[in-house]
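I have placed the structure first, in the form of structure tokens, so that the comments after it can refer back to it.
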Amino acid sequence: MIDLSIFMPTIRTHLLDRMYDSIKESCKKYSWELVLCGPFELTEYLKSQNNVKYIKDFGPPSRCAQLCLFELEGILAYHCVDDALFLPDAIDQAI
């Protein structure tokens with residue numbers, strides 16, 4: 001089972017690679033997945049990651065966030081926004 005599911009609606013796909021890398025530096029002690037929902041295609045980098053799920057939807061952010069909930073596998077869930085960057089070790093410390 002996955003420890004943490006991070007989920008978010010997204011339209012700013014050009015920011016997601018950097019955000020993903022910041023999660024890797026912020027959550028080293030726990031397993032995690034990233035569940036995204038939005039109207040635009042993911043980057044090739046994110047498509048190649050085995051802990052990223054994507055739902056294509058053209059609805060508002062509130063619906064996209066709710067659609068993500070059906071895909072979560074983590075014990076803990078964290079809803080965030082697609083222009084977030086995580087500080088090193090911050091998620092580990094929060095958990």
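Tyr30 is connected to Leu76 through a chain of hydrophobic side-chain contacts under 4.5 Å among Ile, Leu, Val, Met, Phe, Trp and Tyr, so both are in one cluster.
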- Between Phe86 and Met19, does a side chain to side chain contact (heavy atoms under 4.5 Å, CB included) hold up when you go through it step by step? CA-CA 7 Å; Phe86 294 85; Met19 185 215 44; 4.2 Å; yes
- Task: Would you check, one step at a time, whether the test side chain to side chain contact (heavy atoms under 4.5 Å, CB included) holds for Leu69 with Glu71?
- Result: CA-CA 5 Å; Leu69 294 173; Glu71 301 298 322; over 6 Å; no
- Query: Under the side chain to side chain contact (heavy atoms under 4.5 Å, CB included) criterion, do Leu16 and Thr10 qualify, and how do the steps go?
  - Reply: CA-CA 9 Å; Leu16 294 178; Thr10 183; 3.6 Å; yes
- Task: Go through the steps to decide whether Ile11 and Phe40 satisfy the test side chain to side chain contact (heavy atoms under 4.5 Å, CB included), and finish with yes or no.
- Result: CA-CA 7 Å; Ile11 59 169; Phe40 304 119; 4.0 Å; yes
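Salt-bridge annotation for Asp21 and Lys24: present, with a side-chain N of the basic residue lying under 4.0 Å from a carboxylate O of the acidic one.
To the nearest 0.5 Å, the span separating CH2 on Trp32 from CD1 on Ile91 amounts to 8.0 Å. Between the CZ atom of Arg12 and the CG atom of Asp83 there is a distance of 4.5 Å, given to the nearest 0.5 Å. Residue Leu67 holds its CG atom at 14.5 Å from NZ of Lys56, rounded to the nearest 0.5 Å. Taking CG of Leu4 as the start and OG of Ser31 as the end, the distance is 8.0 Å to the nearest 0.5 Å. The line from CG of Leu85 to CG of Leu15 is 8.0 Å long, rounded to the nearest 0.5 Å. Ser5 contributes atom OG, which lies 6.5 Å from atom NZ of Lys53 (distance to the nearest 0.5 angstrom).
Between Asp3 and Ile95 there is no side-chain heavy-atom pair separated by less than 4.5 Å. Within the 4.5 Å cutoff, side-chain heavy atoms of Leu34 are placed close to those of Ile23. Between Val35 and Glu33, some side-chain heavy-atom pair lies under the 4.5 Å cut-off.
Sorted by first and then second residue, the side-chain hydrogen bond (donor to acceptor under 3.5 Å, both in side chains) pairs with a member in residues 86-95 form an empty list; sequence neighbours excluded.
Considering Leu36, Ile6, Thr43 in turn, Leu36 is the only one that fulfils the side-chain contact (heavy atoms from CB on, under 4.5 Å) rule with Val52.
The two residues Tyr54 and Pro39 make their nearest non-hydrogen contact at OH-C, 3.7 Å. Contact between Cys37 and Asp57 at its shortest, heavy atoms only, is SG-CB, 3.6 Å. Taking each heavy atom of Ser26 and Leu87 in turn, the nearest pair found is OG-O, 2.9 Å.
Note on ring orientation: taking the six-membered ring where Trp is involved, the planes of Tyr45 and Tyr20 are perpendicular (angle over 60°, cut-offs 30° and 60°).
In Arg63, the CZ atom is crowded: over 12 heavy atoms of neighbouring residues, nucleotides or ligands sit closer than 6.0 Å.
Remark: Pro61 pairs with Pro9 by the side-chain contact (heavy atoms from CB on, under 4.5 Å) rule, at least two apart or across chains.
Ring-centre distance between Phe7 and Tyr78: not below the 6.0 Å cut-off.
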